[in-house]
Amino acid sequence: MAINKNHEFEDLEGVKCAIVEKNVTPARADFLQKILEFNGYTVMVVKSPPPKVVAPKVIPVTATTAETPVASTQAIVETPPPPETYTIGVTDVMFNSTNAIFGRQLKTKSGHIVTLAYWEQQDDQPHDEIPYYENKLH
């Protein structure tokens, strides 16, 4: 049980892990696994449990002919299967992704600091941003 929502941990395949992200795509899981392993963390990637099954939708259908309307029937609309998602955790239960990103503790293979935009995959290349408190005004 986590103290707050920002620091969750649970057992993944019998190993106590700090949760990095839940319900991520395979591509996202691979991206995060590479960053975390490069920074020295032991990463656990497991399939997320499937979401609760929703009953199929039943839609009433009425058919009419030229002479008289025909009694209504029902059509069942099947929903597509849910996409395969994964849960990512690290064995270091003290790890907190928010603190690691904003504390500038994670680096890429090229030596740049992992920024929030890079972590969220909004930016292809990490940019070493100078924190506002280190920016010297002239």
Side-chain angles (χ1 to χ4, degrees):
M1 181 79 133
I3 294 174
N4 62 36
K5 199 74 171 148
N6 294 328
H7 193 142
E8 295 182 357
F9 53 92
E10 62 184 58
D11 287 337
L12 299 178
E13 296 181 348
V15 178
K16 182 70 90 178
C17 294
I19 301 300
V20 177
E21 286 189 20
K22 289 184 174 185
N23 299 323
V24 297
T25 63
R28 175 95 175 129
D30 184 51
F31 173 79
L32 292 176
Q33 183 176 9
K34 287 178 182 176
I35 290 174
L36 294 168
E37 285 179 347
F38 177 76
N39 283 279
Y41 293 100
T42 304
V43 180
M44 301 287 294
V45 179
V46 297
K47 281 188 178 180
S48 297
K52 295 180 180 178
V53 178
V54 178
K57 293 182 181 180
V58 177
I59 301 173
V61 177
T62 56
T64 57
T65 61
E67 299 87 36
T68 60
V70 178
S72 66
T73 59
Q74 294 181 351
I76 297 176
V77 177
E78 293 188 26
T79 57
E84 192 173 87
T85 60
Y86 294 90
T87 298
I88 303 169
V90 294
T91 56
D92 180 1
V93 293
M94 298 298 294
F95 179 80
N96 181 320
S97 58
T98 304
N99 291 344
I101 294 165
F102 290 107
R104 304 168 59 84
Q105 299 168 351
L106 299 175
K107 295 196 181 230
T108 63
K109 288 183 180 182
S110 62
H112 294 283
I113 293 172
V114 174
T115 61
L116 181 62
Y118 184 74
W119 179 266
E120 292 177 347
Q121 293 181 287
Q122 296 172 348
D123 195 357
D124 293 343
Q125 296 294 323
H127 303 286
D128 289 336
E129 297 173 353
I130 298 174
Y132 73 93
Y133 52 85
E134 290 181 6
N135 190 7
K136 295 179 181 173
L137 299 175
H138 294 4

Original post:
What is the distance from atom CD of Q33 to atom CE of M44, rounded to the nearest 0.5 Å?
Top reply: 10.5 Å

Original post:
Under the salt bridge (charged side-chain N to carboxylate O under 4.0 Å, His left out) rule, what pairs show up with a residue in residues 33-44, not counting sequence neighbours?
Top reply: D30-K34

**OP:** List for me each residue that meets ring-ring contact (aromatic ring centres under 6.0 Å, His included) alongside F38, sequence neighbours excluded, and say none if there are none.
**Re:** none

Subject >> Single hit among I19, V90, V43, I88 for side chain to side chain contact (heavy atoms under 4.5 Å, CB included) with L12 >> reply: I19

Subject >> Atom pair OG/NZ of S48 and K22 - distance to nearest 0.5 Å >> reply: 8.0 Å

**OP:** With rounding to the nearest 0.5 Å, note down the distance linking CZ in F9 to CZ in F95.
**Re:** 15.0 Å

Subject >> Interatomic spacing from CD in Q121 to CH2 in W119 - rounded to 0.5 Å >> reply: 10.0 Å

**OP:** Could you tell me the separation between the CD atom of Q105 and the CG atom of N39, rounded to the nearest 0.5 Å?
**Re:** 9.5 Å

Original post:
Between T87 and N23, which heavy-atom pair has the shortest distance, and what is it?
Top reply: OG1-N, 4.3 Å

**OP:** Search all heavy atoms of N96 against all heavy atoms of T98 and return the closest pair with its distance.
**Re:** OD1-N, 2.9 Å

Original post:
Within a strict 4.5 Å, meaning less than it, do heavy atoms of the I35 and Y118 side chains meet?
Top reply: yes

Original post:
What residues, two or more places apart in sequence or in another chain, satisfy ring-ring contact (aromatic ring centres under 6.0 Å, His included) together with Y86?
Top reply: none

Subject >> With sequence neighbours excluded, residues passing salt bridge (charged side-chain N to carboxylate O under 4.0 Å, His left out) with K47 >> reply: E84

**OP:** Mind listing the closest non-hydrogen atom pair of K16 and V93 along with its distance?
**Re:** CG-CG1, 3.6 Å

Subject >> With sequence neighbours excluded, residues passing side-chain hydrogen bond (donor to acceptor under 3.5 Å, both in side chains) with T25 >> reply: none

Original post:
Who pairs with D92 by salt bridge (charged side-chain N to carboxylate O under 4.0 Å, His left out), at least two apart in sequence or on another chain?
Top reply: none

**OP:** For the pair F31 and V24, evaluate side-chain contact (heavy atoms from CB on, under 4.5 Å) and give the outcome as yes or no after the intermediate values.
**Re:** CA-CA 11 Å; F31 173 79; V24 297; over 6 Å; no

